[in-house]
Amino acid sequence: MVSILDKRHRPLRDLRISVTDRCNFRCTYCMPAEIFGPDYPFLNKEELLSFEEIERLATLFAKDLGVVKLRITGGEPLMRKDLPILIEKLAKIPGIEDIAMTTNGTLLPLYADKLKKAGLHRVTISLDSLNPERFKQMNGRHISIQKVFDGIKAAKKAGLAIKINMVVQKGVNDQDILPMAAYFKKEGHILRFIEFMDVGNTNKWNLEHVMTKKEIIDLIDSKNPIKPEPPRYAGEVANRFFYEDGSGEIGIISSVSDAFCGSCNRARLSARGELFTCLFASSGFDLKRIIRTTENDEDITRILKELWSNRHDQYSTEREQKKDQKKVEMSYIGG
Ligand code: SAM
Ligand code: SF4
Ligand code: SF4
């Protein structure tokens with residue numbers, strides 16, 4: 001397998017592709033409604049990478065940079081028209097072993113079957129509370145939790161593997177940790193708790209609202225003992241834990257309290273076609289301009305290799321010193 005190493009000796013393995021900056025939710029920690037209102041200048045069609053452009057870039061990333069995993073994200077990826085057509089193209093790329101999607105789940109009843117047939121392997125469905133009222137508040141659009149349950153059901157029926165993501169904010173939804181853990185243990189889906197992160201510039205992040213990995217572990221362990229499990233592969237983002245009674249697994253993504261930059265093998269392609277080598281970067285490299293003006297794939301590969309080999313990002317490790325820097329909004333590059 002090709003391994004291009006960055007300045008901190010990390011290979012690239014995982015490419016996250018944001019296919020739209022639009023979303024049907026307005027989660028308070030990601031796209032607060034007061035900022036992403038009716039007049040917000042979302043990207044128009046010409047500004048987005050086309051499916052052919054995404055396919056071309058993903059093919060080069062797989063062939064020449066060692067990417068084996070793709071994750072489709074957004075905004076809400078299922079807001080992008082004809083998404084199964086893109087999945088079908090990506091599934092045919094030699095070297096790609098795994099295609100996943102992160103979604104709020106509400107549109108899965110319409111698309112789960114088509115996505116599975118097109119070659120999608122897995123979905124990660126975001127759900128922050130089982131409390132119907134709190135869920136409505138947190139999604140910023142008063143959307144019913146039943147829509148997410150219907151999405152989970154549709155994904156299961158279609159045969160997609162499912163994980164659930166819960167962003168935990170102290171004082172907002174920390175009381176939902178135990179009910180969520182109990183529910184998804186029973187349902188047999190892996191639940192992953194994500195520490196509230198200081199992504200973008202608009203989500204009013206505050207360290208006091210971060211429920212740390214340790215706090216989450218202690219809480220769950222006090223009800224249902226858990227034990228740590230080693231990662232399945234290098235660069236796995238979540239710390240894994242098994243219930244001691246053998247009834248399932250949870251994961252914790254601790255970007256704030258226990259940074260994992262040392263093994264970060266991920267790059268992100270934004271909806272408007274820029275390459276970001278860190279979730280918290282201030283700016284990306286305009287690959288759209290390059291692919292729209294360059295016919296020769298070898299020239300593009302040379303640029304991609306240069307970008308990765310010059311990378312030295314480790315924002316989470318340096319958060320204290322860097323926390324005031326301007327950052328790209330989450331809705332442009334996905335999680
Ligand atoms: N709309 C899709 C969804 O919500 O799953 C995909 C895009 S969303 C930006 C990707 C993931 O990032 C979601 O699981 C979401 O909960 C997470 N996320 C967004 N803002 C976050 C924040 N401030 N801290 C931690 N996770 C966040
Ligand atoms: Fe939309 Fe996902 Fe962001 Fe929520 S987290 S606003 S669903 S993009
Ligand atoms: Fe990777 Fe940047 Fe996150 Fe560190 S902060 S794990 S470098 S994306």
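Counting from 1, the numbers follow the sequence of the chain as shown.
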Point to revise | L48 CG to K81 NZ distance, which is reported to the nearest 0.5 Å | key: 13.0 Å
Exercise for review: Applying salt bridge (Lys or Arg N to Asp or Glu O under 4.0 Å), name anything that partners D221, two or more places apart in sequence or on another chain.
Suggested key: none
Exercise for review: Apply ring-ring contact (aromatic ring centres under 6.0 Å, His included) to F242 and list each qualifying residue two or more places apart in sequence or on a separate chain.
Suggested key: none
Review point. Quick one: does F51's side chain get under 4.5 Å of D82's, heavy atoms only?
Key: yes
Revision key, fill the gap. Taken in chain and number order and not counting sequence neighbours, the residues that satisfy salt bridge (Lys or Arg N to Asp or Glu O under 4.0 Å) with K185 are D245
Point to revise | Heavy-atom side-chain contact between I152 and I164 under 4.5 Å | key: yes
Exercise for review: Output yes when a side-chain donor or acceptor of W308 lies under 3.5 Å from a complementary backbone atom of L5, and no otherwise.
Suggested key: no
Study note, to complete from the structure: So the salt bridge (charged side-chain N to carboxylate O under 4.0 Å, His left out) pairs with at least one residue in residues 222-237 (sequence neighbours excluded) are R232-E236
Review point. Stepwise, does the side chain to side chain contact (heavy atoms under 4.5 Å, CB included) test hold for M211 with E195?
Key: CA-CA 6 Å; M211 178 101 177; E195 287 180 354; over 6 Å; no
**Study point:** Pairs where residues 102-113 contributes a residue and the test salt bridge (charged side-chain N to carboxylate O under 4.0 Å, His left out) is met, not counting sequence neighbours
**Key:** none
Exercise for review: Starting at OG of S263, measure out to OH of Y233 and round the result to the nearest 0.5 Å.
Suggested key: 10.0 Å
Practice item. Using a 4.5 Å cut-off on heavy atoms from C-beta on, say whether the side chain of S255 contacts that of F280. Key: yes
Review point. At what distance, to the nearest 0.5 angstrom, does SG of C30 lie from CE of M138?
Key: 11.5 Å
Point to revise | Short N-O contact, E215 and K170, less than 4.0 angstrom | key: yes
Review point. With a 4.5 Å heavy-atom cut-off, do I190 and F184 have their side chains touching?
Key: no
**Study point:** Spacing of D198 atom CG and Q325 atom CD [to the nearest 0.5 Å]
**Key:** 9.5 Å
Review point. What pairs meet the salt bridge (charged side-chain N to carboxylate O under 4.0 Å, His left out) rule with one or both residues in residues 42-54, with sequence neighbours excluded?
Key: E52-K89, E53-R292
Point to revise | Distance-only donor-acceptor check, side chains E306 and N310, under 3.5 Å | key: no
Exercise for review: Could you pull out the closest heavy-atom pair between R10 and D313, with the gap in Å?
Suggested key: NH2-O, 2.7 Å
Exercise for review: Taking the side chain as every heavy atom from C-beta outward, state whether L65 and L60 have any atom pair closer than 4.5 Å.
Suggested key: no
Review point. OG of S316 to CG of D258: how many Å apart, nearest 0.5 Å?
Key: 10.0 Å
Check your understanding: If you draw a 6.0 Å radius around CD in Q321, do more than 12 non-hydrogen atoms from other residues or ligands fall strictly inside?
Key -> yes
Practice item. Using the test ring-ring contact (aromatic ring centres under 6.0 Å, His included), find all partners of F241 that sit at least two apart in sequence or belong to another chain. Key: none
Exercise for review: Could you tell me whether the side chain of R192 and the main chain of A238 form a donor-acceptor pair under 3.5 Å?
Suggested key: no
Exercise for review: Take the angle between the ring planes of F25 and F135 and call it parallel below 30°, perpendicular above 60°, tilted in between.
Suggested key: perpendicular
Check your understanding: Looking at F276, is R16 sitting on its ring face, NZ or CZ under 6.0 Å from the six-membered ring centre and within 45 degrees of the normal?
Key -> no
Point to revise | Closest heavy-atom pair and its distance - P11, N265 | key: O-CB, 3.1 Å
**Study point:** Within 6.0 Å of CD in E34, more than 12 heavy atoms from elsewhere
**Key:** yes
Check your understanding: Excluding sequence neighbours, so at least two apart, what forms ring-ring contact (aromatic ring centres under 6.0 Å, His included) with F285?
Key -> none
Using residues 125-134 as the side-chain source, report each donor-acceptor pair under 3.5 Å to any protein atom, sequence neighbours left out, with the distance given to one decimal.
| residue | atom | partner | partner atom | Å |
| --- | --- | --- | --- | --- |
| D128 | OD1 | V167 | N | 3.0 |
| D128 | OD2 | Y29 | OH | 2.5 |
| S129 | OG | N131 | N | 2.9 |
| S129 | OG | D176 | OD1 | 3.3 |
| S129 | OG | D176 | OD2 | 3.0 |
| N131 | OD1 | E133 | N | 2.9 |
| N131 | OD1 | R134 | N | 2.9 |
| R134 | NE | D176 | OD2 | 2.8 |
| R134 | NH2 | D176 | OD1 | 2.7 |
| R134 | NH2 | D176 | OD2 | 3.4 |

Practice item. Kindly indicate whether the side chain of Y315, heavy atoms from C-beta on, has any atom under 4.5 Å from the side chain of C261. Key: no
Exercise for review: Would you indicate whether the side-chain heavy atoms of I17 and L57 approach each other to under 4.5 Å?
Suggested key: no
Check your understanding: Can you check whether N296's main-chain N or O pairs, donor with acceptor, with T294's side chain at less than 3.5 Å?
Key -> no
Check your understanding: Does one side chain, of N24 or T106, offer a donor that lies under 3.5 Å from an acceptor on the other?
Key -> yes
Indicate every side-chain donor-acceptor pair of residues 94-103 with a distance under 3.5 Å to a residue at least two apart or in another chain.
| residue | atom | partner | partner atom | Å |
| --- | --- | --- | --- | --- |
| D98 | OD1 | R122 | NE | 3.2 |
| D98 | OD2 | R122 | NE | 3.3 |
| D98 | OD2 | R122 | NH2 | 2.7 |
| T102 | OG1 | R71 | NH1 | 2.9 |
| T103 | OG1 | E76 | OE1 | 3.4 |
| T103 | OG1 | E76 | OE2 | 2.8 |
| T103 | OG1 | G105 | N | 2.9 |

Practice item. With L304 as reference, evaluate I290, L287, I4 under the side chain to side chain contact (heavy atoms under 4.5 Å, CB included) test and give the passing residue. Key: L287
Review point. Between CG of D21 and CZ of R272, what distance do you get to the nearest 0.5 Å?
Key: 7.5 Å
**Study point:** salt bridge (Lys or Arg N to Asp or Glu O under 4.0 Å) involving D174 - partner list, sequence neighbours excluded
**Key:** none
**Study point:** Counterpart residues, salt bridge (Lys or Arg N to Asp or Glu O under 4.0 Å), relative to D218 (two or more places apart)
**Key:** K214
**Study point:** T277 backbone acceptor or donor facing R311 side chain under 3.5 Å
**Key:** yes
Review point. If you look at every heavy atom in A154 and P109, which pair is closest and at what distance?
Key: CB-CA, 3.6 Å
Exercise for review: Indicate yes or no for a side-chain donor-acceptor contact from R22 to the backbone of L43 under 3.5 Å, with no hydrogens or angles considered.
Suggested key: yes
